[in-house]
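Notes follow the structure.
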Amino acid sequence: MAKGLAVTMRHMLQKSETQQYPEVHPDLPARSRGVIALVEENCTVCMLCARECPDWCIYIDSHKETLPAPEGGRPRARNVLDRFAIDFSLCMYCGICIEVCPFDALFWSPEFEYAEYDIRDLLHEKDKLGEWAATVPPPPAHEVGAESPKELSAGSRPAAARRTAPPAPARGPAEGASVAPEAAQGTAQKATRDTAQKATRDTAQGAERETTQDTAQGTGQGTGRDAAQGTGRDTDRETARETARRPAAEPAKGPESPPRREPPRAMRDIRSIRPPGSLPKNAGSPPQKKDGPEGER
């Protein structure tokens, strides 16, 4: 109670200021929500303001027209605004339509003297909204060193002016020459290494399959002596193939010496080559019983 009386006494002792309205208009701030103004040239009939309005007080009508493209190009279609009306008897001045407009077609104007005797007269069309656009104050000044407001820069720039991008700096021939050989050399080395590894893997798989087939056939058809001789021949052949399949020891590479290219190896048997996904002939057949002393064990 004492605080309330203190506030009352403080205001009683101050000098009162009377504003002579309507002869003297009040000095309203730039962000005052008086009325919504429309810049018709910026409107693209995207309908975002009408869709986001919570009171559904914005009415928009438009039609499409085809314009011939310059220099004999493809004609283009654009939306032409026919009607843009706002019913201020329903508007609650939330400002959502101004916030969602992507092309800055709606602005707040500090004008507030548009009262009417009939509520139906508060529905204003685009002509009246365009007149209020002239009363929109300029945006406040930016800080020192900041970019200029886009409203002022767009108004001062002529419509036919176009921005040209600065040319990209050309790269010197020395830089390209130093990078290209290294990239090409690394790609060639990787391709050669992958080819050699694939050929070695295919040769090893073919040799193992052939050894299994030869051992089964030689053991099942011959006598004990023939089986022993066939087994010895298969063992010698497998040893020779294992020796040929082992890659030669590569010499130690220096920090700056280029890698040594390995010569291609010739295939010993043409039957080792098969299409991918195929199976050997005797892969699903049951193992045959061996004759002789090895089969009795």
Side-chain angles (χ1 to χ4, degrees), residues 19-70 73-142 146-163:
Q19 295 182 357
Q20 301 298 327
Y21 179 82
E23 289 79 8
V24 179
H25 290 271
D27 188 10
L28 299 178
R31 297 296 182 180
S32 298
R33 298 188 178 188
V35 71
I36 300 175
L38 170 68
V39 181
E40 186 177 354
E41 293 78 8
N42 296 348
C43 182
T44 59
V45 200
C46 64
M47 305 294 292
L48 283 178
C49 54
R51 293 172 184 174
E52 298 296 334
C53 179
D55 294 332
W56 294 84
C57 63
I58 301 178
Y59 308 98
I60 300 176
D61 292 333
S62 64
H63 71 278
K64 288 186 177 182
E65 67 177 13
T66 304
L67 299 178
R74 185 177 180 181
R76 299 181 180 181
R78 71 169 184 178
N79 295 325
V80 179
L81 183 65
D82 294 334
R83 183 193 182 194
F84 194 104
I86 300 178
D87 190 355
F88 287 98
S89 63
L90 301 176
C91 180
M92 63 179 183
Y93 302 90
C94 62
I96 294 179
C97 57
I98 298 176
E99 296 295 333
V100 300
C101 182
F103 299 102
D104 293 335
L106 299 175
F107 296 92
W108 280 117
S109 171
E111 291 293 326
F112 60 92
E113 298 175 340
Y114 54 94
E116 301 291 344
Y117 291 101
D118 190 352
I119 193 175
R120 291 173 294 183
D121 295 337
L122 291 175
L123 179 62
H124 297 288
E125 300 292 336
K126 63 178 181 178
D127 298 334
K128 185 63 176 180
L129 299 178
E131 294 178 3
W132 282 328
T135 63
V136 176
H142 287 198
E147 297 181 359
S148 59
K150 54 185 177 181
E151 292 85 355
L152 300 180
S153 59
S156 60
R157 186 174 65 252
R162 296 181 180 179
R163 293 184 179 180

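We're numbering straight along the sequence, starting at 1. What's counted below: heavy atoms across the whole structure, side chains too, no hydrogens, waters or symmetry copies.
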Using every non-hydrogen atom in the two residues, find where [X] and [Y] come nearest and quote the distance to one decimal.
| X | Y | answer |
| --- | --- | --- |
| N79 | K64 | OD1-CG, 3.1 Å |
| I58 | I86 | CG1-CG1, 4.3 Å |
| C46 | P102 | SG-CD, 4.0 Å |
| R33 | C94 | NH1-O, 3.1 Å |
| P26 | Y21 | CD-CD1, 4.0 Å |
| K128 | H124 | CG-ND1, 3.7 Å |

Could you check if a side-chain atom of [X] sits within less than 4.5 angstrom of a side-chain atom of [Y], using non-hydrogen atoms only?
| X | Y | answer |
| --- | --- | --- |
| P54 | M92 | yes |
| S62 | V80 | no |
| F103 | L48 | no |
| V24 | Q19 | no |
| L81 | E40 | yes |
| L122 | R120 | no |
| L106 | L38 | yes |
| I36 | F88 | yes |

Derivation of the side-chain contact (heavy atoms from CB on, under 4.5 Å) call for D87 and Y59: CA-CA 8 Å; D87 190 355; Y59 308 98; 4.1 Å; yes
Trace of the side-chain contact (heavy atoms from CB on, under 4.5 Å) decision for C53 with C97: CA-CA 6 Å; C53 179; C97 57; 5.7 Å; no
Test ring-ring contact (aromatic ring centres under 6.0 Å, His included) applied to F112 - qualifying residues, sequence neighbours left out: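 Per chain and number, F112 pairs via ring-ring contact (aromatic ring centres under 6.0 Å, His included) with no residue.
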Nearest-0.5 Å distance, CG of residue L129 to OG of residue S109: 10.5 Å
Approximate separation, where rounding is to 0.5 Å, of C57 SG and L123 CG: 9.5 Å
Heavy-atom neighbours of D118 CG exceed 12 at 6.0 Å: yes
Residue I119 excluded, over 12 heavy atoms near CD1 under 6.0 Å: no
Candidate pair D82 and H63, rule side-chain contact (heavy atoms from CB on, under 4.5 Å), full reasoning: CA-CA 7 Å; D82 294 334; H63 71 278; 2.9 Å; yes
Main-chain N/O of D104 paired with N42 side-chain donor or acceptor, under 3.5 Å: yes
Salt bridge (Lys or Arg N to Asp or Glu O under 4.0 Å) partners for E99, two or more places apart: none
Verdict with reasoning, I98 to C49, per side-chain contact (heavy atoms from CB on, under 4.5 Å): CA-CA 7 Å; I98 298 176; C49 54; over 6 Å; no
Sub-6.0 Å ring centroid separation between W132 and F107: no
